[in-house]
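Notes for the one structure printed next.
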Amino acid sequence: MTERRQDNRPPAPSRRSQRRQTVAELRSQGRAGPGLRDILPGFAGMVLVTAGPVVGLAWLYRAYGLGALLLGVLLLAAATLVGVPWRRAVVRRRGGRYTPAELAVLDDHGLAVAAERILRRDGWHVLPMPDDGRPRLYARDRRDRRLDVSFRPVDDGPGAAEPPGGPATLREPGGPADDRVIRVVISMGTYSPAEIEWASRPGGDHLVDGRQLQQWASGTSLDALGLLG
(Lines give C-alpha, C1' and ligand atoms only; values in the text may rest on other atoms or scores of the structure.)
Protein backbone atom coordinates (compact mmCIF):
# COMPACT_ATOMS: atom_id res chain seq x y z
CA MET A 1 0.00 0.00 0.00
CA THR A 2 1.22 3.49 -0.79
CA GLU A 3 1.20 5.72 2.20
CA ARG A 4 -0.38 9.08 1.63
CA ARG A 5 1.92 11.88 2.63
CA GLN A 6 0.50 14.17 5.24
CA ASP A 7 0.68 17.89 4.52
CA ASN A 8 1.70 19.61 7.76
CA ARG A 9 1.65 23.12 6.28
CA PRO A 10 -0.76 25.50 8.03
CA PRO A 11 -3.80 26.54 6.04
CA ALA A 12 -3.43 29.72 4.04
CA PRO A 13 -4.97 32.73 5.80
CA SER A 14 -8.16 34.10 4.36
CA ARG A 15 -8.34 37.45 2.65
CA ARG A 16 -10.29 38.86 5.59
CA SER A 17 -7.62 37.88 8.12
CA GLN A 18 -4.90 39.22 5.84
CA ARG A 19 -6.70 42.52 5.57
CA ARG A 20 -7.09 42.74 9.35
CA GLN A 21 -3.42 42.01 9.84
CA THR A 22 -2.43 44.65 7.29
CA VAL A 23 -4.65 47.27 8.91
CA ALA A 24 -3.27 46.39 12.36
CA GLU A 25 0.29 46.83 11.12
CA LEU A 26 -0.50 50.16 9.47
CA ARG A 27 -2.20 51.45 12.61
CA SER A 28 0.76 50.41 14.74
CA GLN A 29 2.96 52.46 12.40
CA GLY A 30 0.55 55.40 12.47
CA ARG A 31 -0.11 55.13 8.74
CA ALA A 32 -3.69 53.89 8.72
CA GLY A 33 -6.64 56.20 8.34
CA PRO A 34 -9.33 56.67 10.98
CA GLY A 35 -11.63 53.79 11.75
CA LEU A 36 -15.40 53.74 11.86
CA ARG A 37 -15.46 54.60 15.56
CA ASP A 38 -13.36 57.68 14.86
CA ILE A 39 -15.49 59.09 12.05
CA LEU A 40 -18.93 58.05 13.29
CA PRO A 41 -19.47 60.98 15.74
CA GLY A 42 -18.44 63.54 13.13
CA PHE A 43 -20.58 61.87 10.49
CA ALA A 44 -23.59 61.84 12.82
CA GLY A 45 -23.07 65.52 13.60
CA MET A 46 -22.85 66.35 9.89
CA VAL A 47 -26.10 64.47 9.23
CA LEU A 48 -27.85 66.36 12.03
CA VAL A 49 -26.58 69.73 10.82
CA THR A 50 -27.66 68.95 7.26
CA ALA A 51 -30.95 67.21 7.93
CA GLY A 52 -32.06 69.35 10.88
CA PRO A 53 -32.89 72.49 8.90
CA VAL A 54 -34.63 70.43 6.18
CA VAL A 55 -36.80 68.70 8.77
CA GLY A 56 -37.56 72.03 10.42
CA LEU A 57 -38.60 73.66 7.15
CA ALA A 58 -40.78 70.69 6.27
CA TRP A 59 -42.50 70.94 9.66
CA LEU A 60 -43.10 74.69 9.18
CA TYR A 61 -44.64 74.08 5.77
CA ARG A 62 -46.97 71.38 7.03
CA ALA A 63 -47.96 73.30 10.15
CA TYR A 64 -48.26 76.87 8.88
CA GLY A 65 -48.11 76.79 5.10
CA LEU A 66 -46.00 78.39 2.41
CA GLY A 67 -45.59 81.74 4.18
CA ALA A 68 -43.94 80.13 7.20
CA LEU A 69 -41.71 78.08 4.90
CA LEU A 70 -40.46 81.22 3.11
CA LEU A 71 -39.87 82.97 6.43
CA GLY A 72 -37.92 79.97 7.69
CA VAL A 73 -35.77 79.95 4.54
CA LEU A 74 -34.99 83.66 4.97
CA LEU A 75 -34.08 83.19 8.64
CA LEU A 76 -31.90 80.20 7.79
CA ALA A 77 -30.10 82.17 5.06
CA ALA A 78 -29.52 85.11 7.43
CA ALA A 79 -28.18 82.79 10.13
CA THR A 80 -25.84 81.20 7.60
CA LEU A 81 -24.53 84.57 6.40
CA VAL A 82 -23.79 85.60 9.99
CA GLY A 83 -22.76 82.26 11.43
CA VAL A 84 -20.28 81.07 8.82
CA PRO A 85 -17.95 84.12 9.01
CA TRP A 86 -18.26 84.14 12.81
CA ARG A 87 -17.32 80.48 12.98
CA ARG A 88 -14.37 81.02 10.67
CA ALA A 89 -13.18 83.92 12.83
CA VAL A 90 -13.40 81.78 15.96
CA VAL A 91 -11.43 78.96 14.33
CA ARG A 92 -8.84 81.47 13.05
CA ARG A 93 -8.33 83.01 16.50
CA ARG A 94 -8.05 79.61 18.12
CA GLY A 95 -5.36 78.84 15.56
CA GLY A 96 -3.37 81.87 16.68
CA ARG A 97 -4.21 84.50 14.06
CA TYR A 98 -5.78 87.84 14.95
CA THR A 99 -6.67 90.95 13.01
CA PRO A 100 -5.62 94.40 14.28
CA ALA A 101 -9.26 95.18 15.10
CA GLU A 102 -9.53 92.01 17.20
CA LEU A 103 -6.34 92.85 19.07
CA ALA A 104 -7.52 96.37 19.80
CA VAL A 105 -10.46 95.22 21.93
CA LEU A 106 -8.49 92.78 24.11
CA ASP A 107 -7.81 93.44 27.77
CA ASP A 108 -4.70 92.20 29.59
CA HIS A 109 -6.01 88.67 30.08
CA GLY A 110 -7.42 88.52 26.57
CA LEU A 111 -4.03 89.58 25.22
CA ALA A 112 -2.39 86.81 27.26
CA VAL A 113 -4.79 84.25 25.76
CA ALA A 114 -4.01 85.56 22.27
CA ALA A 115 -0.25 85.40 22.91
CA GLU A 116 -0.59 81.84 24.20
CA ARG A 117 -2.44 80.77 21.05
CA ILE A 118 0.08 82.52 18.81
CA LEU A 119 3.00 80.84 20.57
CA ARG A 120 1.33 77.44 20.21
CA ARG A 121 0.78 78.23 16.52
CA ASP A 122 4.52 78.74 16.16
CA GLY A 123 5.33 75.44 17.87
CA TRP A 124 5.97 76.59 21.44
CA HIS A 125 4.82 74.61 24.46
CA VAL A 126 3.17 77.20 26.70
CA LEU A 127 2.45 77.17 30.41
CA PRO A 128 0.38 80.05 31.87
CA MET A 129 1.73 81.13 35.27
CA PRO A 130 0.08 84.35 36.53
CA ASP A 131 2.25 86.56 38.73
CA ASP A 132 0.35 88.35 41.51
CA GLY A 133 -2.80 88.32 39.42
CA ARG A 134 -1.11 89.66 36.29
CA PRO A 135 -0.93 87.36 33.24
CA ARG A 136 2.39 85.73 32.50
CA LEU A 137 3.49 82.90 30.23
CA TYR A 138 6.42 80.52 30.14
CA ALA A 139 7.17 78.77 26.85
CA ARG A 140 9.68 76.33 25.40
CA ASP A 141 10.24 75.25 21.81
CA ARG A 142 11.88 72.23 20.19
CA ARG A 143 15.25 73.98 20.23
CA ASP A 144 14.97 74.18 24.03
CA ARG A 145 14.68 77.95 23.92
CA ARG A 146 12.69 79.32 26.84
CA LEU A 147 10.54 82.41 27.01
CA ASP A 148 9.33 84.40 29.99
CA VAL A 149 6.47 86.47 28.54
CA SER A 150 4.95 89.32 30.52
CA PHE A 151 2.50 92.04 29.51
CA ARG A 152 2.54 95.78 30.05
CA PRO A 153 -0.79 97.57 30.01
CA VAL A 154 -1.05 100.56 27.70
CA ASP A 155 -1.74 102.72 30.76
CA ASP A 156 1.82 102.00 31.88
CA GLY A 157 3.23 103.24 28.57
CA PRO A 158 5.29 106.34 27.77
CA GLY A 159 4.75 109.10 30.29
CA ALA A 160 4.60 106.80 33.27
CA ALA A 161 6.68 107.92 36.18
CA GLU A 162 10.21 106.56 36.37
CA PRO A 163 11.87 105.82 39.70
CA PRO A 164 15.12 107.55 40.63
CA GLY A 165 18.19 105.96 39.10
CA GLY A 166 16.84 105.23 35.64
CA PRO A 167 13.88 103.81 33.74
CA ALA A 168 11.61 101.28 35.37
CA THR A 169 12.21 97.64 34.56
CA LEU A 170 9.59 96.29 32.21
CA ARG A 171 8.84 93.08 34.08
CA GLU A 172 7.87 92.09 37.57
CA PRO A 173 10.74 91.01 39.83
CA GLY A 174 11.33 87.34 40.37
CA GLY A 175 10.82 84.54 37.89
CA PRO A 176 13.27 82.02 36.54
CA ALA A 177 16.92 82.60 37.38
CA ASP A 178 18.21 80.68 34.37
CA ASP A 179 20.20 83.02 32.10
CA ARG A 180 19.03 81.05 29.08
CA VAL A 181 15.48 82.32 29.55
CA ILE A 182 14.55 84.98 26.99
CA ARG A 183 12.41 87.66 28.59
CA VAL A 184 9.73 89.13 26.31
CA VAL A 185 7.44 92.04 27.17
CA ILE A 186 4.31 92.59 25.08
CA SER A 187 2.39 95.85 24.91
CA MET A 188 -0.47 97.07 22.76
CA GLY A 189 1.13 100.53 22.70
CA THR A 190 4.63 101.88 22.18
CA TYR A 191 7.77 102.13 24.29
CA SER A 192 9.63 105.28 25.24
CA PRO A 193 13.25 105.84 24.16
CA ALA A 194 14.33 105.35 27.77
CA GLU A 195 12.58 101.99 27.92
CA ILE A 196 14.12 100.89 24.65
CA GLU A 197 17.58 101.91 25.86
CA TRP A 198 17.02 100.07 29.13
CA ALA A 199 15.92 96.92 27.34
CA SER A 200 18.88 97.03 24.93
CA ARG A 201 21.38 96.42 27.71
CA PRO A 202 23.08 92.97 27.75
CA GLY A 203 20.58 90.42 29.01
CA GLY A 204 17.75 92.89 28.66
CA ASP A 205 14.15 92.29 27.70
CA HIS A 206 12.85 91.81 24.17
CA LEU A 207 10.11 94.37 23.58
CA VAL A 208 7.07 93.73 21.39
CA ASP A 209 5.10 96.89 20.67
CA GLY A 210 1.69 97.25 19.08
CA ARG A 211 2.98 97.28 15.50
CA GLN A 212 5.12 94.18 15.97
CA LEU A 213 2.26 92.52 17.83
CA GLN A 214 0.01 92.98 14.80
CA GLN A 215 2.63 91.41 12.53
CA TRP A 216 3.14 88.54 14.96
CA ALA A 217 -0.61 87.92 15.24
CA SER A 218 -1.03 87.93 11.46
CA GLY A 219 1.35 84.98 11.04
CA THR A 220 4.92 86.31 11.29
CA SER A 221 7.06 84.46 13.83
CA LEU A 222 9.14 86.11 16.54
CA ASP A 223 12.27 84.91 14.74
CA ALA A 224 11.16 86.53 11.47
CA LEU A 225 10.54 89.76 13.38
CA GLY A 226 14.13 89.61 14.63
CA LEU A 227 13.11 89.57 18.28
CA LEU A 228 14.81 86.33 19.29
CA GLY A 229 18.02 86.71 17.31
Side-chain angles (χ1 to χ4, degrees), residues 89-90 92-229:
V90 171
R92 174 175 47 78
R93 289 193 296 268
R94 289 180 178 176
R97 295 182 182 272
Y98 288 75
T99 65
E102 291 168 343
L103 291 174
V105 299
L106 297 177
D107 57 10
D108 292 346
H109 292 280
L111 181 58
V113 172
E116 179 180 353
R117 291 173 175 174
I118 296 171
L119 285 168
R120 295 185 190 278
R121 178 203 71 194
D122 293 341
W124 293 83
H125 175 73
V126 188
L127 180 64
M129 295 186 64
D131 185 7
D132 293 333
R134 298 191 65 174
R136 195 168 180 176
L137 305 174
Y138 291 94
R140 175 183 294 182
D141 68 354
R142 296 179 180 177
R143 295 162 56 184
D144 200 32
R145 294 183 300 177
R146 304 176 187 180
L147 299 184
D148 172 10
V149 184
S150 56
F151 303 87
R152 193 197 66 177
V154 177
D155 295 340
D156 295 341
E162 297 177 355
T169 56
L170 300 181
R171 58 190 293 271
E172 297 294 331
D178 193 338
D179 293 337
R180 294 176 299 174
V181 174
I182 303 172
R183 297 187 299 271
V184 178
V185 182
I186 298 176
S187 174
M188 297 284 290
T190 59
Y191 296 97
S192 68
E195 290 171 328
I196 296 175
E197 180 181 359
W198 177 265
S200 64
R201 73 195 190 282
D205 300 335
H206 295 251
L207 307 183
V208 179
D209 59 18
R211 179 182 59 83
Q212 293 169 323
L213 177 61
Q214 291 179 5
Q215 293 176 322
W216 188 34
S218 67
T220 306
S221 66
L222 290 176
D223 291 295
L225 290 173
L227 296 173
L228 301 183

Practice item. Quick one: closest heavy-atom pair of Tyr191 and Val208, and the distance? Key: OH-O, 3.2 Å

Review point. Do Ser187 and Asp209 come within less than 4.5 Å of each other through their side chains, counting heavy atoms only?
Key: no

Check your understanding: Are any of the side-chain heavy atoms of Leu137 and Phe151 separated by less than 4.5 Å?
Key -> yes

**Study point:** Point-to-point distance, once rounded to the nearest 0.5 Å, from CZ of Arg143 to CG of Asp223
**Key:** 6.0 Å

Practice item. Would you indicate whether the side-chain heavy atoms of Tyr138 and Val149 approach each other to under 4.5 Å? Key: no

Practice item. Any chance you could measure Trp124, atom CH2, to Ile118, atom CD1, to the nearest 0.5 Å? Key: 13.5 Å

Practice item. Heavy atoms only: give me the nearest Gly96-Arg121 pair and the separation to one decimal. Key: O-NH1, 2.8 Å

Exercise for review: Specify the closest pair of heavy atoms between Val184 and Leu147, including all atoms of both residues, with the distance to one decimal.
Suggested key: CG2-CD2, 4.2 Å

Exercise for review: Could you tell me whether the side chain of His206 reaches within less than 4.5 Å of the side chain of Gln212, counting heavy atoms only?
Suggested key: no

**Study point:** Within-4.5 Å side-chain heavy-atom neighbours: Leu207 and Arg152
**Key:** no

Check your understanding: To the nearest 0.5 Å, what is the distance between CG (Leu127) and CG (Leu119)?
Key -> 12.0 Å

Review point. Is a side-chain donor or acceptor of Arg183 paired with a backbone partner of Asp148 at a separation under 3.5 angstrom?
Key: no

Practice item. Please name all residues satisfying side-chain contact (heavy atoms from CB on, under 4.5 Å) with Ser218, sequence neighbours left out, ordered by chain then number. Key: Thr220

Practice item. Supply the atom-to-atom distance Met188 CE to Asp108 CG, rounded to the nearest 0.5 angstrom. Key: 9.5 Å

Review point. Who are the side-chain contact (heavy atoms from CB on, under 4.5 Å) partners of Pro130, not counting sequence neighbours?
Key: none

Check your understanding: For Asp122 and Ser221, which heavy atoms make the closest approach, and how far apart are they?
Key -> OD2-CA, 3.9 Å

Exercise for review: Look at the side chain of Arg120 and the backbone N and O of Val126, then say whether any donor-acceptor pair between them is shorter than 3.5 Å.
Suggested key: yes

Revision key, fill the gap. Separation between CD1 (Ile182) and CZ (Arg146), nearest 0.5 Å, reads 11.0 Å

**Study point:** Contacts of type side-chain contact (heavy atoms from CB on, under 4.5 Å), residue Arg117, not counting sequence neighbours
**Key:** Arg93, Arg94, Tyr98, Val113

